Amino acid sequence: MSTLAHTMMTAARSADTGLAGPGELDRYPYAEAPTAGRVGVPSWESSDPDLNRAGRRASGSRGRGLHGQLVQQLGQMIVSGDLGADRPLVPEEIGQRFEVSRTVVRESLRVLEAKGLVSARPNVGTRVRPVSDWNLLDPDIIEWRAFGPQRDDQRRELSELRWTIEPLAARLAAGHGREDVQQRLVDMVEIMGHALGQGDSVTFARADAEFHSLLIQVAGNRMLEHLSGIVSAALQVSGGPVTGCDRPTESAVAHHARIVEALGAADGVAAETAMRQLLTVHPDVERVVPAPREH
């Protein structure tokens, strides 16, 4: 086992051995990987800022003190239907209920307004907006829907969206032969393999999310890159075996390895095919997406 894999597995297990629930997805910190004994091995946080943008983008409003906590609370209540459009959201009432200042309430409502969940109008107040106005691609809203009454629809929609995004990203990434990126992808597959053997689902999920976000980042398409946070959120909140990435399996590790091999050979067709196979390892997926294309 490499030093990186051992460090990641130890760090994840020491943080928690269970699955993350709503609002808890950032409590497993990435560890600093020592470089002794192995040259050029990237840690979870690379020295190249371009390789870190997607992971940061997916973090949403989590981890920001009282303000972030209130955004989480109100967001979950809106998505679950506990807060409806039948009456306005009064800052004073919210402040008293959650024991926070009006400033915290005001800033939280602004964040929710930016996500399309609420609207503030003179003489009307702040009210919940219809689902059609929500930014459904926002990582926070993806999380809230995944743990709310819309969880089944959310999982299906995410699976369909990933089927559209990731095979294309894999094909495009095969034309970008950066050695540092290739090594990072190899490391993630190695970590997933060792995590599978140890029954460490937390480390497996971390490496899996890193793999898919990085792959989209290096596809060379800025618009696809902006969707990497969606894929990360989808992996973190999947909540069931819809794809091979939802839980550690030998098949999932093998498909990831095939993708890396195809990228190393600059074979875009093989990379795309391997990604489609990875996303179609469970019968439920075949029900909502077409079968892999023959090349």
Side-chain angles (χ1 to χ4, degrees), residues 2 4-5 42 51 54-55 155-197 201 203-221 223-225 227-236 238 240-295:
S2 71
L4 175 63
L51 298 183
R155 290 177 60 220
R156 175 183 56 80
E157 291 166 1
L158 286 172
S159 296
E160 294 171 344
L161 188 59
R162 289 186 62 198
W163 181 269
T164 302
I165 295 172
E166 295 195 74
L168 172 61
R171 175 162 57 85
L172 295 176
H176 299 269
R178 288 177 53 180
E179 293 184 3
D180 58 335
V181 173
Q182 185 73 13
Q183 183 59 58
R184 280 170 68 85
L185 292 171
V186 170
D187 288 332
M188 294 307 108
V189 174
E190 180 183 359
I191 291 171
M192 282 188 279
H194 287 297
L196 174 63
S201 61
T203 297
F204 187 97
R206 281 294 193 184
D208 190 22
E210 172 81 2
F211 182 98
H212 288 270
S213 292
L214 182 60
L215 185 65
I216 294 176
Q217 281 181 265
V218 299
N221 184 303
M223 296 186 72
L224 278 180
E225 181 183 336
L227 298 177
S228 61
I230 300 170
V231 174
S232 294
L235 289 167
Q236 291 173 326
S238 55
V242 176
T243 72
C245 303
D246 286 349
R247 59 183 178 181
T249 65
E250 292 182 2
S251 176
V253 175
H255 284 308
H256 282 88
R258 293 190 186 99
I259 293 170
V260 172
E261 292 173 1
L263 295 178
D267 189 340
V269 173
E272 178 181 2
T273 300
M275 180 61 77
R276 291 188 183 278
Q277 291 172 343
L278 171 63
L279 298 176
T280 317
V281 298
H282 192 274
D284 286 354
V285 179
E286 298 175 359
R287 188 168 47 80
V288 296
V289 295
R293 293 186 302 176
E294 296 294 334
H295 294 282

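Bear in mind that the values here come from a model prediction, so they are computed numbers and not experimental data. Heavy atoms only: backbone and side chains are in, while hydrogens, waters and symmetry mates are out.
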- Message: So, taking the atom named CD1 in Ile165 and the one named CG in Leu215, what distance separates them when rounded to the nearest 0.5 Å?
- Response: 12.0 Å
- Compare every heavy atom of Ala252 with every heavy atom of Phe204, then report the nearest pair and how far apart it is. CZ-CB, 4.3 Å
- Query: So how far is it from His255 NE2 to Thr280 OG1, rounded to the nearest 0.5 Å?
  - Reply: 8.5 Å
- Query: Do Ile259 and Leu263 have side-chain heavy atoms sitting under 4.5 Å apart?
  - Reply: yes
- Evaluate side chain to side chain contact (heavy atoms under 4.5 Å, CB included) for Leu279 paired with Met275, printing each intermediate quantity in order. CA-CA 6 Å; Leu279 298 176; Met275 180 61 77; 4.3 Å; yes
- Query: Side chains of His212 and Met188: does their closest heavy-atom pair fall under 4.5 Å?
  - Reply: no
- Does a side-chain heavy-atom distance below 4.5 Å link Glu210 with Ile191? no
- Item | Under 3.5 Å: donor-acceptor pair, side chain of Glu225, backbone of Gly220 | no
- Please name the pair of heavy atoms, one in Ala169 and one in Ala219, separated by the smallest distance, quoted to 0.1 Å. O-CB, 3.7 Å
- Query: Does any non-hydrogen side-chain atom of His194 lie less than 4.5 Å from one of Thr203?
  - Reply: no
- CG-CD distance between Leu185 and Glu190, expressed to the nearest 0.5 angstrom: 13.0 Å
- Query: Run the side chain to side chain contact (heavy atoms under 4.5 Å, CB included) check on Thr273 and Arg258 step by step: do they pass?
  - Reply: CA-CA 10 Å; Thr273 300; Arg258 293 190 186 99; over 6 Å; no
- Kindly indicate, with the supporting measurements, whether the criterion side chain to side chain contact (heavy atoms under 4.5 Å, CB included) is fulfilled by Thr249 and Leu196. CA-CA 7 Å; Thr249 65; Leu196 174 63; 5.5 Å; no
- Message: Quick check for you: to the nearest 0.5 Å, what is the distance between Leu278 atom CG and His256 atom NE2?
- Response: 5.0 Å
- Compare all side-chain heavy atoms of Leu168 with those of Glu272 and state whether any distance is below 4.5 angstrom. no
